[in-house]
Structure formats: structure tokens, C-alpha cells
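Hydrogens, waters and symmetry mates are skipped; everything else that's a heavy atom, side chains included, is used.
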Amino acid sequence: MTTSATPPIQPFAISFGADNATLEPQGQVLTRRMSDLEGLFADGDAWARAVADGDPVVYTVVSSPVPEVPRELPQSITTIYPGETGGEFWMTKGHQHPDPQGEIYLGLSGHGGLLLFDGERAEWLEMSPGTIGYIPPGWAHRSVNVGDEPYRFLAVYPGSAGHDYGWVVEHGMGLRARRVDNGLRARRADNGLQARRADNGLQARPVDDGLQARPVDDGLQARRADNGLWACRVDNAARPAAARVDLVPFGAPAGKPRTGKP
């Protein structure tokens, strides 16, 4: 099967390659270029320059043959390539389900984030291999590659959910994800998210046995040991993606007001 199957569908097995975004048997394949993301990046001039400079592929979606029809449960693997436009990480268009249904994303490779917005409140979930992100009914969602390699995830969703991309263009997504270049990282405040500076380049985070300090730029991390603090060098690619993300207020594309719930 190379396209969507026609119900009734008989039981069958699907194999997938987590590292190369393959599904076998394979259904439809969707390719999104920069020109397909018009109005979604905050810096419209940077977007236009990227389109003029080769119109790169931002992400692809490989689906299984299971169709998007009621009572079926389609699956797909999305690959978001690394990149930035106007300082904003490359991302999917984002959508809301016209038929409010839950959905799950399973991180396969790379580092990403799952941004959710219900029209009033935004949530950010860090995604890495083995992480399952749950999307409740009624929440618009967008995936973001916050690393330096392709970020891939498996999506499983009800076939009747549908995809409303226009809702995101009209209402925005509450927050934008940008690279941290100045020692800032996102922290949760009581009423949302805020970014704070670590004066010495280290960010302290709670762990089960004390505090763990994370660096901003130098590839070192310090952890509390029984007799004090010890430091060890970590691979930059293995550092948590959140340490490199600044979540800033979204507003809405083209200055449109953010009103109402989906």
C-alpha cells in the first residue's frame, strides 16, 4: 500500500524506522517548505528572504496507509529539520482539531518541543526520544525543533479529528520558541512562563537529592555530591533542549488579536 487504504481495513503490521522516518507499508507523504509557512514567523522579512533563498524544506510528514476517517486511528512520522528564521526555531504550521479529539506524540530522535494553546493559556512540553506528549481535546498544537539535528516524532490520532490550520493563523499559539544566545532560559512563573538570567552562567534545577546546576554556554554541568559539588563535561548535543529555548509572548501573526477558545 502506498496511499491511504479504503475501509474496511484488515489487521496488518506496520514497521517504522525511528532514525530515518520510514513507515512500511507507507501511505501519503507531505512536504512543507518555507513558503508554506507564510504568516507564522514573527519576522516576516526573514521569512521572505528564506523563501527567496531556495525555499528550504522545513518538515516532512510520512503517513501509514490508515486513512483519516471516523473510527480509524492513523499514524505518521514528522521530521522537522534544524534551522531558525529571524531567531525563531523551525516548526510545524500547527493546527487545532475541528472535531476535538486527544492525540499522542512519541519523540523518536533529536530534541524538540510541543507547544499547546487553548486560546487563553499556552503550555510547553520538552520532547526527546522516548517522551510521550499528550494533547488533550481542544488544544491547538505545534511541534518545534530546538536542536541541531532533525527532530522526529510519531503521531497517533483519531481519524475524524481533522486539521484546522487557519485557527492558528488567526489566533496564534500563545508563545514563540527562540534560541538562547544571551544566558537566558525559560522558567515557569505562577501565571505563566518567564525568562531569567543566571549571573554566573549556571542555572540551578531541583533533583531528587539536592540541586543540579546547568551551564548556559560552556558545556559543563555541576551536580551536588555528598561532599560538595563536582563538575563534569557533557556533550552539547545531549544537553536538555529546554536549556537553549527562550519562550516569548506570541501575540498573533499580522497583529491580529488573540481571542476566544478553539
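Take Glu68 and apply the salt bridge (Lys or Arg N to Asp or Glu O under 4.0 Å) test, not counting sequence neighbours, and it matches no residue. Arg121 pairs by the salt bridge (Lys or Arg N to Asp or Glu O under 4.0 Å) definition with Glu123, not counting sequence neighbours.
From Asp43, atom CG reaches atom CD of Glu88 across 9.0 Å, with rounding to the nearest 0.5 Å. Here Leu23 contributes atom CG and Ser15 contributes atom OG; the two are 8.0 Å apart, rounded to the nearest 0.5 Å. Rounding to the nearest 0.5 Å places OG1 of Thr22 at 9.0 Å from CZ of Phe16. Here the OG1 atom belonging to Thr131 is positioned 10.0 Å from the NE2 atom belonging to His111, to the nearest 0.5 angstrom. Between the NE2 atom in His171 and the CD atom in Glu120 there is a gap of 11.5 Å [rounded to 0.5 Å]. Here CZ of Phe153 is found 14.0 Å from OG of Ser128. Values are rounded to the nearest 0.5 Å.
In the hydrophobic clustering of ILVMFWY residues, with side-chain heavy atoms under 4.5 Å counting as a link, Val61 and Ile135 come out together. Grouping the Ile, Leu, Val, Met, Phe, Trp and Tyr side chains by contacts below 4.5 angstrom, directly or via other members, places Val57 with Val51. No chain of hydrophobic side-chain contacts below 4.5 Å, direct or via other Ile, Leu, Val, Met, Phe, Trp or Tyr residues, connects Met91 to Val248. Tyr165 and Phe41 fall into different hydrophobic clusters, where Ile, Leu, Val, Met, Phe, Trp and Tyr are joined by side-chain heavy atoms under 4.5 Å apart, directly or via other members. Phe12 and Leu154 fall within a single hydrophobic cluster, where Ile, Leu, Val, Met, Phe, Trp and Tyr are joined by side-chain heavy atoms under 4.5 Å apart, directly or via other members.
Between Pro158 and Gln101, the shortest heavy-atom distance links the atoms CG-CB, 3.6 Å. The two residues Pro82 and Pro150 make their nearest non-hydrogen contact at CD-N, 3.8 Å. What you find for Tyr105 and His95 is that their closest heavy atoms are OH-CE1, 4.1 Å. Of all heavy-atom pairs between Ile14 and Ser64, the closest is CD1-CB, 3.8 Å. Here the shortest heavy-atom pairing between Leu175 and Leu115 reads O-CD2, 3.1 Å. Looking at every heavy atom in both residues, Ile9 comes nearest to Pro67 through CD1-CD, 3.2 Å.
Side-chain atoms of Glu103 and His97 form a donor-acceptor pair, as typed in the model, at a separation below 3.5 Å. With no hydrogens or angles considered, no side-chain donor-acceptor pair links Thr92 and Arg142 at under 3.5 Å.
With hydrogens and angles disregarded, no donor-acceptor distance shorter than 3.5 Å links the side chain of Asp118 to the backbone of Trp139. For the pair Arg152 (side chain) and Asn20 (backbone), a donor-acceptor distance under 3.5 Å is absent. Between the side chain of Trp47 and the backbone N or O of Met34, at least one donor-acceptor pair lies under 3.5 Å. The closest donor-acceptor contact from the side chain of Asn145 to the backbone of Glu149 lies under 3.5 Å. Not a single donor-acceptor pair under 3.5 Å links the side chain of Asp164 to the backbone N or O of Pro98.
Residues Ser143 and Thr78 have side chains not in contact (no heavy-atom distance under 4.5 Å, counting atoms from C-beta outward). Looking at Gln75 and Val66, their side chains come closer than 4.5 Å, going by heavy atoms from C-beta outward. When side chains are defined from C-beta on, Trp90 does not count as touching Tyr151, because their heavy atoms never get closer than 4.5 Å. You'll find the side chain of Pro56 stays beyond 4.5 Å of the side chain of Tyr81, heavy atoms only. Between Val168 and Phe117 the shortest side-chain heavy-atom distance does not fall below 4.5 Å. Inter-residue side-chain proximity for Leu106 and Ile104 is flagged as unmet; no heavy-atom pair is nearer than 4.5 Å. Leu116 places a side-chain heavy atom less than 4.5 Å from the side chain of Pro136.
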**OP:** Apply side chain to side chain contact (heavy atoms under 4.5 Å, CB included) to the pair Val156 and Leu73, showing each step before the final yes or no.
**Re:** CA-CA 7 Å; Val156 182; Leu73 199 62; 3.7 Å; yes
**OP:** Determine, stepwise, if the pair Asp36 / Tyr59 fulfils side chain to side chain contact (heavy atoms under 4.5 Å, CB included).
**Re:** CA-CA 10 Å; Asp36 296 313; Tyr59 67 98; over 6 Å; no
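Using a cutoff of 4.0 Å between basic side-chain nitrogens and carboxylate oxygens, Asp148 and Arg179 are scored as salt-bridged.
Aromatic pair His163/Tyr157: ring centres closer than 6.0 Å.
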